[in-house]
Enquirer: 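The structure follows.
Here the structure is a predicted model, which is why all the values come from computation and not from measurement.
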Amino acid sequence: MQIWVDADACPVVIKDILFKAARRTGVQTTLVANQPVSIPPSPNIDFIRVSSGFDVADNEIVQRLDSGDLVVTSDIPLAAEVIEKGALALSPRGEMYTRENVKSRLNMRDFLDSLRSSGVVTGGPPALSQSDRQAFANHLDRWLTKNAGG
């Protein structure tokens with residue numbers, strides 16, 4: 001079992017939680033991004049830099065992941081692909097994507113995109129809160145306990 005991180009937009013505080021968990025449990029954690037990402041020295045924390053381009057990092061993650069792996073991403077289309085391949089997707093806000101909820105998230109995302117493209121200002125997501133970080137850490141811990149002995 002492995003953790004994959006869509007690292008281009010992953011908040012630093014979430015990366016720090018992942019780094020601590022990787023060092024504590026020994027679970028292989030790989031960050032994928034099209035720009036340099038600083039990672040701590042550790043035999044089980046890797047970084048893959050991909051070329052710039054639309055969905056290049058997402059495609060790299062989907063190509064490499066195995067069923068049962070965990071992918072950390074706020075990219076809903078990527079989460080849908082991850083679930084389709086039998087892996088799990090967790091947002092940095094602590095929401096576990098499922099077959100049941102990812103379709104409605106995609107529909108909402110598409111709706112907001114159409115509003116933005118027609119000139120309606122929808123604003124961005126709120127800042128990551130302490131409860132978001134806690135929800136993320138709790139889901140991560142449950143996955144680690146189940147798959148890596150915590």
Enquirer: Ignoring hydrogens and geometry beyond distance, is a side-chain donor-acceptor pair present between Thr29 and Gln2 at under 3.5 Å?
Expert: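 Per modelled atom types, Thr29 and Gln2 side chains form no pair under 3.5 Å.
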Enquirer: By side chain to side chain donor-acceptor pair (under 3.5 Å), which residues pair with Ser131, not counting sequence neighbours?
Expert: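 For Ser131, the residues satisfying side chain to side chain donor-acceptor pair (under 3.5 Å) (neighbours in sequence not counted) are Ser129.
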Enquirer: Do the side chains of Arg133 and Leu128 get nearer than 4.5 Å, heavy atoms only?
Expert: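 Sidechains of Arg133 and Leu128: in contact.
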Enquirer: According to salt bridge (Lys or Arg N to Asp or Glu O under 4.0 Å), who are the partners of Asp132, at least two apart in sequence or on a separate chain?
Expert: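 In terms of salt bridge (Lys or Arg N to Asp or Glu O under 4.0 Å), with neighbours along the sequence ignored, Asp132 is linked to Arg93.
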Enquirer: Shortest non-hydrogen contact from Ala33 to Ala7?
Expert: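 Scanning both residues completely, I find the closest heavy atoms to be CB-CB, 4.0 Å.
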Enquirer: What distance separates Ile83 CD1 from Leu88 CG, expressed to the nearest 0.5 Å?
Expert: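 Result: 8.0 Å between the selected atoms.
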Enquirer: Could you grab the distance from atom OG of Ser91 to atom CD1 of Ile14, nearest 0.5 Å is fine?
Expert: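 Atom-to-atom, Ser91:OG and Ile14:CD1 are 8.5 Å apart.
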Enquirer: Going by the salt bridge (charged side-chain N to carboxylate O under 4.0 Å, His left out) test, which pairs reach into residues 27-55, not counting sequence neighbours?
Expert: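 Pairs touching residues 27-55 that pass the test: none.
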Enquirer: Compare every heavy atom of Ser67 with every heavy atom of Gly86, then report the nearest pair and how far apart it is.
Expert: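 Shortest heavy-atom separation between Gly86 and Ser67 comes out as O-OG, 3.3 Å.
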Enquirer: Would the distance check show the side chain of Asn44 and the main-chain N or O of Ala22 forming a donor-acceptor pair, the cut-off being under 3.5 Å?
Expert: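 A pair under 3.5 Å: yes.
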Enquirer: State, yes or no, whether a side-chain contact exists between Phe19 and Leu31 at a heavy-atom distance under 4.5 Å.
Expert: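 Yes, close enough: below the 4.5 Å cut-off.
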Enquirer: So, using salt bridge (Lys or Arg N to Asp or Glu O under 4.0 Å) as the criterion, who are the partners of Arg64 when residues are at least two apart?
Expert: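 Checked Arg64 against salt bridge (Lys or Arg N to Asp or Glu O under 4.0 Å); matches are Glu60.
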Enquirer: Under a single-linkage rule joining Ile, Leu, Val, Met, Phe, Trp and Tyr whose side-chain heavy atoms are separated by less than 4.5 Å, which residues share a cluster with Val82?
Expert: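 Joined to Val82, directly or through intermediates: Trp4, Val32, Ile48, Val50, Val56, Ile61, Val62, Leu65, Val71, Leu78.
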Enquirer: Which heavy atom of Phe47 sits nearest to which heavy atom of Gln35, and what is that distance?
Expert: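 Shortest heavy-atom separation between Phe47 and Gln35 comes out as CZ-O, 3.2 Å.
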Enquirer: What's the separation between atom CD1 in Ile3 and atom CG in Leu18, rounded to the nearest 0.5 Å?
Expert: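 The CG atom of Leu18 is 6.0 Å from CD1 of Ile3, to the nearest 0.5 Å.
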Enquirer: State, yes or no, whether a side-chain contact exists between Asp6 and Asp58 at a heavy-atom distance under 4.5 Å.
Expert: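 A side-chain contact under 4.5 Å exists here.
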Enquirer: Check the side chains of Gln134 and Asn138 for a donor-acceptor pair under 3.5 angstrom, ignoring hydrogens and angles.
Expert: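 Present: a donor and an acceptor within the cut-off.
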Enquirer: Between Asp141 and Lys146, is there a salt bridge with N-O shorter than 4.0 Å?
Expert: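 Salt bridge: no.
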Enquirer: List the atom of Gly53, the atom of Asn34, and the distance in Å for their closest heavy-atom pair.
Expert: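 Minimum heavy-atom separation between Gly53 and Asn34: N-ND2, 4.4 Å.
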Enquirer: Walk me through it: do Tyr97 and Leu90 pass the test side chain to side chain contact (heavy atoms under 4.5 Å, CB included)?
Expert: CA-CA 6 Å; Tyr97 296 109; Leu90 175 61; over 6 Å; no
Enquirer: Does the side chain of Arg24 come within less than 4.5 Å of Leu144's, by heavy atoms?
Expert: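 Yes - at least one pair of side-chain heavy atoms lies under 4.5 Å apart.
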Enquirer: For Glu95, what residues pass the salt bridge (Lys or Arg N to Asp or Glu O under 4.0 Å) criterion, not counting sequence neighbours?
Expert: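 Salt bridge (Lys or Arg N to Asp or Glu O under 4.0 Å) check on Glu95 returns Arg105.
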Enquirer: Where is the tightest heavy-atom contact between Arg23 and Pro40, given as atom of each residue plus distance?
Expert: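 The answer is NH1-CG, 3.3 Å.
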Enquirer: Could you pull out the closest heavy-atom pair between Gln63 and Lys85, with the gap in Å?
Expert: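 Residues Gln63 and Lys85, closest heavy atoms: O-NZ, 4.0 Å.
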Enquirer: Starting at CG of Asp69, measure out to CD of Gln28 and round the result to the nearest 0.5 Å.
Expert: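 CD of Gln28 is found 10.5 Å from CG of Asp69.
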Enquirer: Rounded at 0.5 Å granularity, tell me how far CG in Leu140 sits from CZ in Arg142.
Expert: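 Going from CG on Leu140 over to CZ on Arg142, the span is 10.0 Å.
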